[in-house]
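Lettering of chains follows the sequences in order, A, B, ..., and the numbering in each one begins at 1. Everything numeric here is computed off the predicted structure, so don't read it as measured data.
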Amino acid sequence: MRRQGSRYAPFTERAVALILSIPRGRVASYGQIAGIAGSPAAARQVARVLHSMSRTLHLPWHRVISSRGTISLPRGEGFETQRALLMSEGVAVTVDGAVDVRHHRWVPRVR
DNA sequence: GCCATGGCTAGTA
DNA sequence: GCCATGGCTAGTA
């Protein structure tokens, strides 16, 4: 039992909350989420959270992209779905998976 | 294209 | 030991 009750590790909790707060039609990068969650170098951990928890927690996983502004998933392994979901929210994505970050980057409000 | 990075957990002892 | 990264560089066009 690595986990108490239905609680996850602190970083994971924060990452999940942040991902859930990305509004429709906006995108954030793995590193951006990691940074705001308090660990700028933990982008990979964010990827892991998305991979393992998106289904059960209904995370808007498609709103997280690479720092280069592109869809990270390989074709045939989520790329098409992510692109379609983003476009359904009004986000322009090229056939190559380049997102129009210019207009759709999530800028969280400071608290 | 390469390689260092961080956080968590499965699974062994 | 996994993971849906990131950033810096070599080397092509």
Side-chain angles (χ1 to χ4, degrees):
Chain A
M1 42 185 169
R2 293 286 90 101
R3 186 182 298 163
Q4 282 182 35
S6 60
R7 201 148 193 88
Y8 296 100
F11 175 84
T12 301
E13 289 274 325
R14 293 194 292 271
V16 165
L18 284 164
I19 294 162
L20 285 171
S21 68
I22 306 170
R24 271 181 72 88
R26 308 267 94 170
V27 293
S29 73
Y30 299 86
Q32 185 185 0
I33 298 295
I36 301 170
S39 304
R44 297 194 78 141
Q45 177 65 7
V46 172
R48 197 193 139 277
V49 165
L50 289 167
H51 176 76
S52 58
M53 309 172 76
S54 282
R55 193 119 48 166
T56 54
L57 300 184
H58 303 294
L59 304 181
W61 60 271
H62 59 286
R63 296 178 190 148
V64 185
I65 62 176
S66 76
S67 64
R68 303 168 183 84
T70 61
I71 289 176
S72 290
L73 296 180
R75 300 180 193 254
E77 296 176 50
F79 176 97
E80 294 80 1
T81 306
Q82 183 164 13
R83 179 166 185 265
L85 285 170
L86 285 173
M87 292 186 70
S88 77
E89 298 185 353
V91 178
V93 186
T94 67
V95 284
D96 291 336
V99 177
D100 180 8
V101 238
R102 180 93 174 174
H103 296 114
H104 298 283
R105 167 85 65 196
W106 178 46
V107 183
R109 298 185 38 127
V110 277
R111 26 192 352 156

> Below 4.5 Å, heavy atoms only, C-beta onward: do A/L59 and A/V64 meet side chain to side chain?
no
> If you look at every heavy atom in A/Q45 and A/F11, which pair is closest and at what distance?
CG-CE2, 3.4 Å
> Is the closest side-chain heavy-atom distance between A/R55 and A/W61 below 4.5 Å?
no
> Would you say A/H62 and A/E89 are linked by a side-chain donor-acceptor pair, where the criterion is simply a distance under 3.5 Å?
yes
> Starting at the 5' end of nucleotides 4-13 of chain C, put B wherever the base has a protein heavy atom under 4.0 Å, S where only the sugar-phosphate does, and a dash everywhere else.
BBBB------
> Reckon A/S52 touches a base, only the sugar-phosphate, or nothing at all at heavy-atom distances under 4.0 Å?
nothing
> Return the pairing partner of B/dC8 with a 3.5 Å limit on both distances, Watson-Crick or G-U wobble; otherwise return none.
C/dG1
> Does A/E13 form a side chain to side chain contact (heavy atoms under 4.5 Å, CB included) with A/R7? I'd like the steps, not just the answer.
CA-CA 8 Å; A/E13 289 274 325; A/R7 201 148 193 88; 3.6 Å; yes
